[in-house]
Amino acid sequence: MGVPSTLSYRTGCLVIAVCAAMTFAACGGDSGTEPLDPALVAMEHATYDAINKARADSGFSSLIYDDFIAQQARDHSRAMADGKVPFGHDGFADRVSAIAQHLRTSVAAENVAFNLGVSDPSATAVSDWLNSPGHLANIEGDFTATGVGVARRSDGAYFFTQIFIKQ
């Protein structure tokens, strides 16, 4: 497991790649029960669409959107926005273990982003990821499914999590 040197205050990524593949045993995981904010859900889907467009433009197949993966991503974004965990990948193995209960999981990766004061938070997160070698490696990786979660902090900061899964 490694974190690329491109980790910054705005974005970060984590890859569990074939060279350090992890097989995940089933363990418990909670699912958020808060009502979904339609504006945040729209950002999640805009992020997903932009990532699939970038994959298609580079000759990669589209990722399947999975609501369970999205809920894990959403829970992590909320935890970062609420200050329950620092910006980054704390609890990534737990998220993947929870996902492994839902679908077969052989390899996983995660991108996170944070932005504040931008006109299009989703486009900014995607642009930052596409311009970072580590994040781009996740986006163009050999994955089959994904989910995106977005949360907004009270000061207007947005937190993005995208989890990539290879089944």
Side-chain angles (χ1 to χ4, degrees), residues 1-16 29-58 62-96 98-99 102 108-141 143 145-165:
M1 177 164 36
V3 178
S5 62
T6 57
L7 182 63
S8 70
Y9 76 94
R10 291 182 64 174
T11 60
C13 71
L14 180 72
V15 182
I16 297 176
D30 292 328
S31 183
T33 56
E34 294 180 33
L36 299 179
D37 179 329
L40 296 179
V41 171
M43 281 186 181
E44 292 169 355
H45 288 286
T47 303
Y48 166 73
D49 290 342
I51 293 299
N52 267 342
K53 181 182 180 322
R55 284 178 62 88
D57 290 349
S58 295
S62 293
L63 298 168
I64 298 166
Y65 194 84
D66 184 280
D67 289 328
F68 190 85
I69 298 171
Q71 187 60 54
Q72 293 298 311
R74 192 175 293 124
D75 290 347
H76 182 57
S77 290
R78 284 182 182 156
M80 290 187 294
D82 292 345
K84 294 178 182 174
V85 298
F87 173 74
H89 303 286
D90 284 9
F92 178 66
D94 294 333
R95 288 187 288 287
V96 176
I99 293 165
H102 172 71
E110 177 177 83
N111 285 353
V112 298
F114 160 86
N115 56 55
L116 174 65
V118 297
S119 61
D120 188 340
S122 176
T124 299
V126 170
S127 176
D128 287 350
W129 287 339
L130 292 173
N131 288 301
S132 162
H135 299 95
L136 183 60
N138 289 346
I139 291 165
E140 294 182 343
F143 298 106
T146 194
V148 178
V150 179
R152 185 174 185 265
R153 195 168 58 196
S154 60
D155 66 356
Y158 289 90
F159 293 81
F160 291 76
T161 303
Q162 182 168 20
I163 300 172
F164 302 87
I165 298 293

Between K53 and D57, is there a side-chain N and carboxylate O pair less than 4.0 Å apart?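 Counted as a salt bridge, because a side-chain N and a carboxylate O are separated by less than 4.0 Å.
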Measure the [atom1]-[atom2] distance between [X] and [Y] for me, rounded to the nearest 0.5 Å.
X: F114; Y: F87; atom1: CZ; atom2: CZ; answer: 8.0 Å
X: H89; Y: M80; atom1: NE2; atom2: CE; answer: 8.5 Å
X: N52; Y: T47; atom1: CG; atom2: OG1; answer: 11.5 Å
X: F143; Y: L63; atom1: CZ; atom2: CG; answer: 9.0 Å
X: T146; Y: I163; atom1: OG1; atom2: CD1; answer: 8.0 Å
X: S122; Y: Y48; atom1: OG; atom2: OH; answer: 13.5 Å

Any donor-acceptor N/O pair, [X] side chain to [Y] backbone, under 3.5 Å:
X: R74; Y: T161; result: no
X: S77; Y: G149; result: yes
X: D37; Y: A39; result: yes

Could you label the plane-to-plane angle of the F160 and W129 rings as parallel, tilted or perpendicular, counting under 30° as parallel and over 60° as perpendicular?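 Perpendicular, since the angle between the ring planes exceeds 60°.
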Heavy-atom pair with the smallest gap, counting every atom of M43 and P121: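 In terms of heavy atoms, the two residues are closest at CE-CG, 3.7 Å.
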Side chain to side chain donor-acceptor pair (under 3.5 Å) with R95: which of Q72, Q71, E110?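 The side chain to side chain donor-acceptor pair (under 3.5 Å) with R95 is passed solely by E110 among Q72, Q71, E110.
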Candidate pair D128 and H135, rule side-chain contact (heavy atoms from CB on, under 4.5 Å), full reasoning: CA-CA 8 Å; D128 287 350; H135 299 95; over 6 Å; no
Would you say V150 and V148 make side-chain contact, with heavy atoms under 4.5 Å?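 They are in contact (side-chain heavy atoms under 4.5 Å apart), so the answer is yes.
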Hey, mind stepping through Y158 and T124 against side-chain contact (heavy atoms from CB on, under 4.5 Å) and telling me if it holds? CA-CA 10 Å; Y158 289 90; T124 299; over 6 Å; no
Reference residue V126; test side chain to side chain contact (heavy atoms under 4.5 Å, CB included); the match among D120, I51, N111: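 Among D120, I51, N111, the one that satisfies the side chain to side chain contact (heavy atoms under 4.5 Å, CB included) with V126 is I51.
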Could you check D66 against I165 for side-chain contact (heavy atoms from CB on, under 4.5 Å), going step by step and ending with a plain yes or no? CA-CA 10 Å; D66 184 280; I165 298 293; over 6 Å; no
By side-chain hydrogen bond (donor to acceptor under 3.5 Å, both in side chains) - contacts of [X] (at least two apart):
X: S58; value: E140
X: D67; value: none
X: R55; value: none

Residues V112, F159; criterion side-chain contact (heavy atoms from CB on, under 4.5 Å); working and verdict: CA-CA 7 Å; V112 298; F159 293 81; over 6 Å; no
